[in-house]
Amino acid sequence: MFLMSSNPNRLSISQMASARPPVPTGDGAAYLNGLNPEQRDAVLHTEGPLLVLAGAGTGKTRVLTSRLAHIVATRLAYPSQTLTVTFTNKAAREMRERAQALLGDAGEGLRWLGTFHSISAQILRKHAELVGLKSSFTILDTDDQIRLCKQIVQAENLDPKRWTPRYLAGLIDGWKNRALTPSKVPPEEAELFGNGKAIKCYEIYQARLRVLNACDFGDLLIHNITIFQESPDILREYHDRFRYILVDEYQDTNVAQYLWLRLLAQGSKNLCCVGDDDQSIYGWRGAEVDNILRFEKDFPGAKVVRLERNYRSTRHILAAASSVIAHNKGRLGKTLYVGNDSAVNEDTDAPKVKVRGLWDGEAESRLIADDIESWVRGGGRHDGCAVLVRASWQMRAFEERFILLGIPYRVIGGPRFFERAEIRDAMAYLRLIRSPDDDLAFERVVNEPKRGVGDTSLAKLQSYARQDGRSLFTLTPMVLQTDEIKGGAKRGLTTFIDQINLWRGKLAGGMPHTELAEMILEESGYTDMLQKDRSPQAQTRLDNLKELVRAMGEFDTLAGFLEHVELVMDASAGGNGEDQVQILTLHAAKGLEWPVVFLPGWEEEVFPSRRSLDESGLKGLEEERRLAYVGITRARERCYISFVANRQIYGRWQAVMPSRFIDELPPEHVDAVSETGYSGLPASADAFSGTIEDLGERSDYQSPGWKRLKENAGRPTGAPPRDAAGLTATASGTSGFTTGARVFHDKFGYGRVAFSEGNKLTVDFDKTGRKKVIATFVTKA
DNA sequence: CGATACGATCTTTTT
DNA sequence: GATCGTATCG
């Protein structure tokens with residue numbers, strides 16, 4: 001909702017006079033109070049390339065806002081001559097608010113402050129014809145992309161099981177992240193999809209987009225780059241415009257974004273990037289940490305400022321985070337200092353980081369809920385607490401527990417409003433009314449609600465459309481005149497076309513778009529369909545649709561609303577300010593902080609995630625470790641890390657090992673408590689050895705698995721259980737499991753025993769033909 | 001064409 | 001365990 005002033009480059013004299021605020025906060029010092037004079041000077045006055053390496057909690061956003069405000073306030077440039085880029089809308093919003101608070105009215109002119117995508121979309125709308133698009137192009141989201149890919153896979157006669165459309169979409173995305181157009185993709189990568197058809201599919205995909213007058217998110221950047229490279233005079237225009245460029249979270253830029261920035265920065269050379277290589281956690285979506293590591297080479301003469309003084313967290317928390325991240329290689333090397341004059345950091349009574357081992361996920365959520373309750377009893381607030389998980393499936397256990405105890409909570413992230421099926425359906429109707437050529441929208445709703453138009457009819461229409469090169473909507477009436485489609489399908493299509501035309505007429509006739517939306521939902525039978533559905537989700541869906549209509553009301557026109565949704569995709573209604581515990585993923589937590597942070601699920605294969613390790617090896621592990629670093633540094637006062645011995649993953653019980661990151665914590669800053677007799681920290685491991693009988697005296701649990709172990713009483717710990725209950729035990733492993741063994745957990749019969757170093761033993765029971773790991777005996781090195 | 005049954009799959013997320 | 005997509009049947 002920016003882009004208001006129509007002429008960004010011109011401010012009238014009177015506007016300038018009134019737009020001139022005082023230099024922020026006197027000498028600008030107060031707002032940058034964490035910096036020494038040299039750093040402050042560099043941040044405010046550097047001309048030419050500048051990289052600010054800002055560790056967690058060192059005031060990254062402040063640096064950017066202060067610099068921006070300073071540039072404008074001292075009239076080095078008009079607001080419209082600055083370009084400020086962030087990754088998320090949220091960050092952009094925050095930056096705008098802070099800058100406006102410093103600048104007053106002058107802040108209004110920050111026309112070029114936004115996400116990479118929103119800014120490149122603005123630029124692309126002006127020059128769309130240079131890349132074969134109309135300026136009214138549609139921006140496709142992930143769902144549309146995948147459906148397009150599916151069509152390509154079908155058209156190429158590929159087996160969609162072997163070659164999934166999702167994978168193709170991922171490949172194309174990956175190439176676009178690397179700024180590779182079809183002709184630039186290395187030929188050997190053709191093998192990556194459909195027996196050498198990868199690049200061909202990419203070409204078809206791009207051709208389809210052009211026909212649809214659409215582009216995907218990656219294209220926004222790629223088309224910009226093409227335009228800049230092929231039209232030097234246009235590039236020069238932007239060079240003249242952007243005197244100062246500021247970039248947030250530089251460690252998250254991908255190759256395309258890097259090239260885009262480099263092209264734009266060739267003009268003034270005033271490129272200021274802020275980032276932290278230790279917080280790069282988006283490698284899996286194309287971010288190149290290398291960009292930040294290479295900055296000084298890429299931009300010769302660059303000044304580099306390191307901000308290492310943290311004013312957020314206690315010394316124990318900082319020590320824990322630093323100790324873990326120190327295990328990564330290939331960093332720019334930054335040590336987080338404890339701010340000398342910060343009471344928080346100095347607090348000698350501050351609690352150490354707590355590490356706790358529990359039997360299972362249920363015990364874990366119980367404990368965390370108890371901790372939250374006692375924090376609140378002690379005068380704390382719910383919204384001062386956050387539970388940060390690695391993957392969203394881990395959230396459910398906490399939700400269930402919080403509901404049971406009546407602890408108010410909010411899940412951040414999760415399925416997004418605009419990605420819900422009913423919202424996308426409603427949006428598709430609106431899109432189709434705006435642009436009849438939007439085939440993807442047509443396909444989505446032509447039979448939703450059911451109109452008797454099935455795959456066969458649709459396939460016929462599509463084949464006509466492909467021959468003719470025109471869109472489904474324009475072609476359908478002609479096909480209907482023939483007898484190609486009969487019966488129910490014909491009737492359904494006729495009403496569909498008529499209705500869309502009718503609604504389009506209403507819109508042209510000046511009907512308010514919210515009213516139109518209600519009319520569509522009603523007349524199409526969509527509301528009816530949901531009302532007849534008595535499943536519990538149906539009501540939520542109806543509510544969502546109401547919310548959609550409400551959200552539309554905030555925009556003056558349908559076009560304005562659609563543009564907003566395509567790019568911003570966030571129902572920023574907010575709902576903040578409520579006193580709720582927050583449950584979110586580690587990724588979503590970046591940039592946020594709380595007094596109390598819980599980090600559950602620190603188990604091998606969960607965190608670090610197995611997939612990450614499988615797919616990206618050491619690189620993946622290091623990214624996981626950065627995630628741990630981000631997690632710990634979100635905490636201001638208290639940080640609770642926990643792991644369990646048994647975890648239910650996808651409904652199956654699994655024995656799990658404590659995360660290696662736990663071993664990387666500094667013992668002197670950590671309190672470790674284990675209820676399983678094993679903490680992962682050698683110093684505090686409550687180990688015992690002996691025979692299986694010993695277990696019975698140490699635990700209250702009486703599960704079936706437990707009994708099974710008891711049946712083996714008298715046998716040495718670590719020995720495979722004897723055949724029991726018709727199960728066949730097979731053991732693989734080597735010697736050393738009869739003496740010195742340490743049983744560190746057992747509840748469900750999934751036991752683990754540590755024994756002398758270098759040995760590994762797994763016991764499987766094979767009953768139903770499926771192999772099931774009942775007990776795993778592992779050496780703790 | 002639409003309803004049902006079975007089976008494969010299952011991170012992280014923004015735009 | 002829950003969901004999604006495909007295969008099959010009515």
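In this text the structure is predicted, and so the values were computed from the model without any measurement. Below, read A as the first sequence line, B as the second, and so on, with proteins coming before strands; counting in each chain starts at 1.
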Check your understanding: If you check the A:R390 side chain, which of B:dT14, B:dC1, B:dT12 turns out closest?
Key -> B:dT12
Practice item. Using a strict 4.0 Å threshold on nitrogen-to-oxygen distance, state whether A:R147 and A:D144 make a salt bridge. Key: yes
**Study point:** Under 3.5 Å side-chain donor-acceptor pair for A:Y205 and A:D216
**Key:** yes
Study note, to complete from the structure: Comparing nearest nucleotides in DNA chain B, the 5'-proximal residue of the pair A:K450, A:L613 is A:K450
Review point. Looking only at N and O atoms, is any donor in the side chain of A:T88 or the base of B:dT15 less than 3.5 Å from an acceptor on the other one?
Key: no
Exercise for review: Quick one: closest heavy-atom pair of A:G114 and A:I119, and the distance?
Suggested key: N-CD1, 3.6 Å
Review point. What closest approach, in Å, do A:L192 and A:Y167 show between heavy atoms, and which atom pair accounts for it?
Key: O-CE2, 3.3 Å
Revision key, fill the gap. Relative to its sugar, using the 90° cut-off around 0, the base of B:dT12 is anti
Study note, to complete from the structure: Taking B:dC1, B:dT15, B:dT14 as options, the one with an atom nearest any side-chain atom of A:H117 is B:dT15
Study note, to complete from the structure: Side-chain atoms of A:S457 come closest, of B:dT11, B:dC1, B:dT15, to B:dC1
Check your understanding: With a 4.0 Å cut-off, would you call A:R178 and A:E288 a salt bridge?
Key -> no
Check your understanding: What is the minimum heavy-atom distance between A:S612 and A:G620, and which atoms define it?
Key -> OG-O, 3.5 Å
Review point. Counting only side-chain N and O atoms of A:T456, is one of them less than 4.0 Å from OP1 or OP2 of B:dC1?
Key: yes
Point to revise | Distance in angstrom units between A:L592 CG and B:dT14 P, rounded | key: 12 Å
**Study point:** A:I649 CD1 - C:dT3 P separation (whole Å)
**Key:** 19 Å
Exercise for review: Verify whether the ring centers belonging to A:Y282 and A:F87 lie closer than 6.0 Å.
Suggested key: no
Check your understanding: What about A:F442 and A:F496, are their ring centers closer than 6.0 Å?
Key -> yes
Check your understanding: How many Å lie between CD on A:E249 and P on B:dT14, as a whole number?
Key -> 13 Å
Check your understanding: Using a cut-off of 4.0 Å on non-hydrogen atoms, how would the nucleic acid contact of A:K176 be classed: base, sugar-phosphate, or nothing?
Key -> nothing
Review point. What's the OH-P distance between A:Y167 and C:dG5, to the nearest Å?
Key: 20 Å
Exercise for review: Tell me what A:E624 touches on the nucleic acid: a base, only sugar-phosphate, or nothing, going by heavy atoms under 4.0 Å.
Suggested key: base
Review point. What integer distance in Å separates A:N224:CG from B:dT15:P?
Key: 18 Å
Review point. If you check every side-chain atom of A:Y282, which of B:dT15, B:dT13, C:dA2 has the closest atom?
Key: B:dT13
**Study point:** Interatomic distance, A:I485 CD1 vs B:dC1 C1' [rounded to whole Å]
**Key:** 13 Å
Check your understanding: Which residues within residues 581-589 of chain A lie with some heavy atom under 4.0 Å of an atom in DNA chain B?
Key -> A:T585, A:H587
Exercise for review: Looking at every strand, decide which applies to A:T142 at a 4.0 Å heavy-atom threshold: base, sugar-phosphate, or nothing.
Suggested key: base
Review point. Within less than 4.0 Å of OP1 or OP2 of B:dT12, is there a side-chain N or O belonging to A:S392?
Key: yes
Exercise for review: Check every strand shown and say whether A:N447 touches a base, only sugar-phosphate, or nothing at a heavy-atom separation below 4.0 Å.
Suggested key: sugar-phosphate
Check your understanding: Ring stacking, A:F116 with base of B:dT15, under 5.5 Å and under 30°?
Key -> no
Check your understanding: Rounded to whole angstrom units, what separation is found between the CG atom of A:D248 and the C1' atom of B:dT14?
Key -> 14 Å
Point to revise | Nucleotide nearest A:K150 (side chain, heavy atoms from C-beta), chosen from B:dT11, B:dC1, C:dT6 | key: C:dT6
Review point. Over how many whole Å does the gap from A:R166 atom CZ to B:dA8 atom C1' extend?
Key: 14 Å
